[in-house]
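Structure first, commentary second.
Nothing here was measured: the structure is a model prediction, and the numbers come from that model.
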Amino acid sequence: MNFIDEAINSKLTGDDFLQAMTGIYSFPEVWGELDNYPNWIKDVITIIDYDTELQMEGLDIKNYSKVIDALKRCDLCEEANLLEKINDNISDDEMTNVYNQLAANNDYDSFWDKLRYYINKNVNIQL
């Protein structure tokens, strides 16, 4: 049993479940087990990882398709739409503009509120 199983068995919801999923950094072997879990759990971990990377390294020119898909399923479409603008041909000014519009720089609390709602909706389905 790993931290994901414990969170599910403990019937954690909202922020408690969200905080439990940060355990992915303490137990990196669980990355290889994520395909055994529902998509919504993978979405939550993908978004946690996206936010961690954004906070530590900033925004990079890379493929964010997995993150974009997770964001859309969590009704974080504005963030997803911004990431869709990133490609190899983006100018420095455009990249700065995208970065400045991200939730981390604007409405961070609302971003996480939507993720908590997504968690609660899916935990209630699973229970």
Subject >> Where Asn87 and Asn89 come nearest, the two heavy atoms and their spacing >> reply: OD1-N, 2.7 Å

Original post:
Mind checking whether Lys42 and Asp35 have side chains closer than 4.5 Å, heavy atoms only?
Top reply: yes

Original post:
Yes or no on side chain to side chain contact (heavy atoms under 4.5 Å, CB included) for Ile47 and Leu115, after CA distance, side-chain angles and deciding distance?
Top reply: CA-CA 9 Å; Ile47 292 171; Leu115 190 57; 3.9 Å; yes

Subject >> Under-4.0 Å salt bridge between Lys72 and Glu79 >> reply: no

**OP:** Carefully, step by step, assess Ile4 and Met21 under the rule side chain to side chain contact (heavy atoms under 4.5 Å, CB included).
**Re:** CA-CA 7 Å; Ile4 298 173; Met21 293 306 101; 3.9 Å; yes

Original post:
Taking the six-membered ring where the residue is Trp, are the ring centres of Trp112 and Tyr118 under 6.0 Å apart?
Top reply: no

Original post:
Is it true that a side-chain atom of Asp43 and a backbone atom of Cys74 form a donor plus acceptor pair closer than 3.5 Å?
Top reply: no

**OP:** Could you tell me whether the side chain of Tyr25 reaches within less than 4.5 Å of the side chain of Ile48, counting heavy atoms only?
**Re:** yes

Original post:
When rounded to the nearest 0.5 angstrom, what is the spacing between CZ in Arg73 and CD1 in Ile68?
Top reply: 11.5 Å

**OP:** Assess whether side-chain hydrogen bond (donor to acceptor under 3.5 Å, both in side chains) is satisfied between Tyr64 and Asp69, documenting all intermediate values.
**Re:** CA-CA 9 Å; Tyr64 286 97; Asp69 292 342; over 6 Å; no

Subject >> Stepwise side chain to side chain contact (heavy atoms under 4.5 Å, CB included) test for Trp31 and Asp49 >> reply: CA-CA 11 Å; Trp31 283 107; Asp49 195 47; 3.9 Å; yes

Original post:
So, Asn122 side chain and Trp40 main chain: donor-acceptor pair closer than 3.5 Å or not?
Top reply: no

Original post:
Does the pair Lys62 and Glu53 meet the rule for a salt bridge (charged side-chain N to carboxylate O under 4.0 Å, His left out), with working shown?
Top reply: CA-CA 12 Å; Lys62 68 178 200 171; Glu53 185 178 306; 2.5 Å; yes

Subject >> Ile119 CD1 to Leu18 CG distance, which is reported to the nearest 0.5 Å >> reply: 4.5 Å

Original post:
Does atom OH of Tyr117 have more than 12 heavy-atom neighbours, drawn from other residues, nucleotides or ligands, at distances under 6.0 Å?
Top reply: no

Subject >> Other residues, nucleotides, ligands: >12 heavy atoms within 6.0 Å of Asp88 CG >> reply: no

Subject >> Asp92, CG atom: more than 12 neighbouring heavy atoms under 6.0 Å >> reply: no

Original post:
Out of curiosity, Asp16 CG to Arg116 CZ, how far, rounded to the nearest 0.5 Å?
Top reply: 10.0 Å

**OP:** Calculate, to the nearest 0.5 Å, the distance between atoms CG and CG belonging to Asn106 and Asn100 respectively.
**Re:** 8.0 Å

Original post:
Where do Asn120 and Phe17 land on the side chain to side chain contact (heavy atoms under 4.5 Å, CB included) test, with the steps shown first?
Top reply: CA-CA 9 Å; Asn120 289 341; Phe17 189 90; over 6 Å; no

Original post:
What distance separates Gln101 CD from Asp107 CG, expressed to the nearest 0.5 Å?
Top reply: 13.5 Å

**OP:** Indicate the ring-plane relationship of Phe3 and Phe27, choosing parallel, tilted or perpendicular according to the 30° and 60° boundaries.
**Re:** parallel

Original post:
Heavy atoms, side chains only, cut-off 4.5 Å: are Leu12 and Val123 in contact?
Top reply: no

Original post:
Are the side chain of Lys114 and the backbone N or O of Leu76 linked by a donor-acceptor pair below 3.5 Å?
Top reply: no

Original post:
What distance do Met95 atom CE and Leu59 atom CG have between them, rounded to the nearest 0.5 Å?
Top reply: 4.0 Å

Original post:
Got Leu71 and Asn81 here, is their nearest side-chain heavy-atom distance under 4.5 Å?
Top reply: no

Original post:
Sub-3.5 Å donor-acceptor pair from the side chain of Glu57 to the main-chain atoms of Leu54, do we have one?
Top reply: no

Original post:
Considering only heavy atoms from C-beta outward, does the side chain of Lys85 approach that of Glu94 to under 4.5 Å?
Top reply: no

**OP:** Taking the side chain as every heavy atom from C-beta outward, state whether Glu33 and Asn2 have any pair of such atoms under 4.5 Å apart.
**Re:** yes

**OP:** Would you please test Ser65 and Asn63 for side-chain hydrogen bond (donor to acceptor under 3.5 Å, both in side chains) and show each step?
**Re:** CA-CA 6 Å; Ser65 61; Asn63 185 332; 2.8 Å; yes

Subject >> Minimum side-chain heavy-atom gap Tyr99-Leu82 below 4.5 Å >> reply: no

